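Encoded as structure tokens, the structure appears first; notes follow it.
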Number of protein chains: 2
Amino acid sequence: MTIQTRRERERAERERLIVTAARELAEAEGWGAVTTRRLAHRIEYSQPVLYSHFKGKGAIMAAVAVQGCADFAAEMRAARTGAGSARETLAAVGGAYTTFARRHPALYDAMFTLAVDLPFATPEAPAALREAFGELLQAVRPIVAEGEDTGLLTETYWAGLHGLVTLMRSGRLPEEAHEQRLALLIGHLVPPGTN
Amino acid sequence: MTIQTRRERERAERERLIVTAARELAEAEGWGAVTTRRLAHRIEYSQPVLYSHFKGKGAIMAAVAVQGCADFAAEMRAARTGAGSARETLAAVGGAYTTFARRHPALYDAMFTLAVDLPFATPEAPAALREAFGELLQAVRPIVAEGEDTGLLTETYWAGLHGLVTLMRSGRLPEEAHEQRLALLIGHLVPPGTN
DNA sequence: GATGATTTCTAGCAACGCTAGATACCAGAG
DNA sequence: CTCTGGTATCTAGCGTTGCTAGAAATCATC
């Protein structure tokens with residue numbers, strides 16, 4: 001019994017090691033630099049070991065994405081609970097969103113741009129993912145107008161943030177006016193007469 | 001003289017052939033299926049010929065992107081000139097935007113998501129690109145409120161559309177409520193009391 | 001028809017994700 | 001302590017990718 005559990009523990013530890021190494025490598029040099037060979041060398045094992053833990057490179061990226069979502073949700077939660085009015089809350093969460101995306105581009109890509117096969121808009125979506133969306137949702141709820149759907153408005157806000165971030169990061173939008181664009185988006189989402 | 005011009009003409013024709021083949025292949029099977037070998041085989045030349053025309057695969061994709069931008073701008077222009085009120089115009093252009101993105105995913109990716117080294121938010125940006133942005137800009141201009149910058153609001157609208165399209169296409173947002181989200185975005189951009 | 005430049009192709013490099021088959025390891029039985 | 005069976009790991013290699021050097025073929029000109 002003990003021998004079995006020790007092995008399982010070591011296996012789990014190595015799996016965490018793989019995900020951490022992939023994350024560090026990606027954050028340091030981008031996903032293009034994350035190859036199975038480099039990853040294997042980094043964890044001091046051979047390539048096939050990776051495939052005994054994950055179905056492929058995509059699954060490793062998905063694991064990194066889930067881990068990233070947890071951090072992401074935590075940062076948004078902190079921003080949300082530290083804010084005052086409804087408008088301030090929406091701005092704080094939006095700011096946390098774009099700040100995270102700019103500080104952790106590789107993580108953000110794994111979560112929201114690259115093709116990783118993670119279930120998203122379904123109940124089977126990973127908890128961290130639903131939690132991150134939940135933070136956005138709670139920030140949006142107070143500013144939902146009569147006859148509007150909270151979920152849909154949250155998705156629309158998300159899309160706005162995502163668009164701003166990705167277009168800016170790929171050089172399609174200039175960096176400098178980012179804060180003004182973000183303010184415009186938020187200003188137009190908040191109904192007139194809201195505190 | 002004539003012999004030189006004939007060669008240049010043939011060269012230009014072959015270059016168009018390459019771009020067209022790349023575009024067709026990408027639209028039919030996605031950019032993942034566009035390899036230099038398949039492309040070369042399709043135009044009935046060997047691979048190195050591609051590199052005598054373009055610096056690499058990225059440059060070919062950039063050429064396809066520019067061509068796509070021209071079509072894109074034309075469709076948005078048609079939608080814009082066919083609409084009535086300011087609100088209708090904004091909605092028509094937004095609809096044309098998302099429709100194009102959904103109908104030509106590969107083209108859209110080359111233009112707005114994949115990393116192609118094209119100058120964007122600068123005067124050196126390709127004409128087709130600036131023209132496409134100009135269509136958006138003209139649709140936005142009538143609804144710009146006092147104290148707002150037209151360019152910045154256009155960029156924000158663009159970001160919203162881009163976010164909706166990319167999140168939906170990657171499975172992060174469910175397809176079915178797309179029209180409602182688009183309506184929400186437009187409804188919040190148009191100032192109250194606008195026709 | 002020979003010559004010299006230009007164009008095009010053949011063949012190959014290094015790197016990629018991934019995997020089959022060989023090898024090393026190690027817990028438990030005699 | 002030795003042997004055995006099963007597991008864990010590695011070596012080696014497949015097929016593919018973007019890209020390129022050097023050989024071969026083509027063609028205008030003398």
Side-chain angles (χ1 to χ4, degrees), chain A residues 1-19 21-23 25-26 28-65 106 109-110 114-118, chain B residues 1-19 21-23 25-26 28-65 106 109-110 114-118:
Chain A
M1 198 54 161
T2 47
I3 216 164
Q4 181 77 356
T5 57
R6 193 212 62 202
R7 288 195 159 172
E8 284 173 5
R9 194 178 58 236
E10 286 173 354
R11 241 191 103 76
E13 178 127 3
R14 198 172 59 181
E15 190 157 314
R16 285 211 321 271
L17 191 66
I18 292 172
V19 176
R23 174 177 174 161
L25 212 44
E29 306 182 41
W31 282 109
V34 182
T35 71
T36 55
R37 282 170 179 79
R38 284 192 70 178
L39 204 46
H41 180 262
R42 181 110 159 196
I43 63 168
E44 298 177 309
Y45 281 95
S46 66
Q47 283 173 282
V49 167
L50 301 175
Y51 295 88
S52 76
H53 286 272
F54 298 96
K55 193 185 163 198
K57 187 183 172 181
I60 297 176
M61 293 173 63
V64 172
D109 282 344
L114 298 180
V116 292
D117 35 56
L118 276 175
Chain B
M1 198 56 162
T2 46
I3 217 163
Q4 181 78 355
T5 55
R6 194 213 60 204
R7 286 197 159 170
E8 284 173 5
R9 195 178 58 237
E10 287 174 352
R11 240 191 103 74
E13 178 126 7
R14 197 173 58 180
E15 190 157 315
R16 285 210 319 273
L17 191 65
I18 292 172
V19 176
R23 174 177 174 162
L25 211 45
E29 307 181 40
W31 282 109
V34 182
T35 70
T36 55
R37 280 169 179 79
R38 285 193 70 177
L39 203 46
H41 180 262
R42 182 110 157 194
I43 63 169
E44 296 176 310
Y45 280 96
S46 65
Q47 284 172 281
V49 167
L50 302 175
Y51 294 88
S52 76
H53 286 271
F54 298 96
K55 192 184 163 198
K57 189 184 173 182
I60 298 176
M61 293 174 63
V64 172
D109 282 343
L114 297 180
V116 293
D117 35 58
L118 276 176

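In what follows, chains carry the letters A, B, and so on, assigned in the order in which the sequence lines appear, proteins first and then strands, with residues in each chain numbered from 1. The shown structure was predicted, so the numbers you read here are calculated from the model rather than taken from an experiment.
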Does B:Arg14 reach a base, just sugar-phosphate, or nothing at all? Heavy atoms under 4.0 Å. sugar-phosphate
Give me each pair satisfying salt bridge (Lys or Arg N to Asp or Glu O under 4.0 Å) with a member in residues 42-63 of chain B, each pair once, sequence neighbours excluded. B:Glu24-B:Arg42
Non-neighbouring partners of B:Arg16 that pass side-chain hydrogen bond (donor to acceptor under 3.5 Å, both in side chains), sequence neighbours left out: none
Whole Å only: how far is the CD1 atom of B:Ile60 from the P atom of D:dG18? 10 Å
Salt bridge (Lys or Arg N to Asp or Glu O under 4.0 Å) involving A:Arg38 - partner list, sequence neighbours excluded: A:Glu29
With sequence neighbours excluded, tell me which residues meet side-chain contact (heavy atoms from CB on, under 4.5 Å) with B:Ile43. B:Leu17, B:Ile18, B:Ala21, B:Tyr45, B:Leu50
Can you see which heavy atom on B:Ala110 is nearest to which on B:Ala65, and at what distance? O-CB, 3.5 Å
Contact between A:Val34 and A:Ile60 at the side-chain level, heavy atoms closer than 4.5 Å - yes or no? no
Specify the angle, to 10°, made by the local axes at the two ends of the helix from C:dG1-D:dC30 to C:dG30-D:dC1 when five pairs are taken at each end. 30°
Between B:Tyr51 and B:Gly56, what is the shortest heavy-atom contact and its length? CE2-CA, 3.9 Å
B:Glu15: what forms a salt bridge (Lys or Arg N to Asp or Glu O under 4.0 Å) with it, not counting sequence neighbours? none
Interface residues of residues 47-54 of chain A with DNA chain C (non-hydrogen, below 4.0 angstrom): A:Gln47, A:Pro48, A:Tyr51
Tell me which residues in residues 36-45 of chain B put a heavy atom below 4.0 Å from DNA chain C, sorted by number, or none. B:Arg37, B:Tyr45
Output for pair (B:Trp31 CH2, B:Asp109 CG), nearest 0.5 Å, gives 9.5 Å
Using atom CG of A:Leu17 as one end and atom P of D:dT9 as the other, report the distance to the nearest whole Å. 13 Å
To the nearest Å, give me how far apart CH2 (A:Trp31) and C1' (C:dG17) are. 15 Å
What residues, two or more places apart in sequence or in another chain, satisfy salt bridge (Lys or Arg N to Asp or Glu O under 4.0 Å) together with B:Glu13? none
Residue-phosphate contact under 4.0 Å: A:Thr35 side-chain N/O, C:dC16 OP1/OP2: yes
Exercise: identify the closest heavy-atom pair between B:Ala106 and B:Ala26: CB-O, 3.3 Å
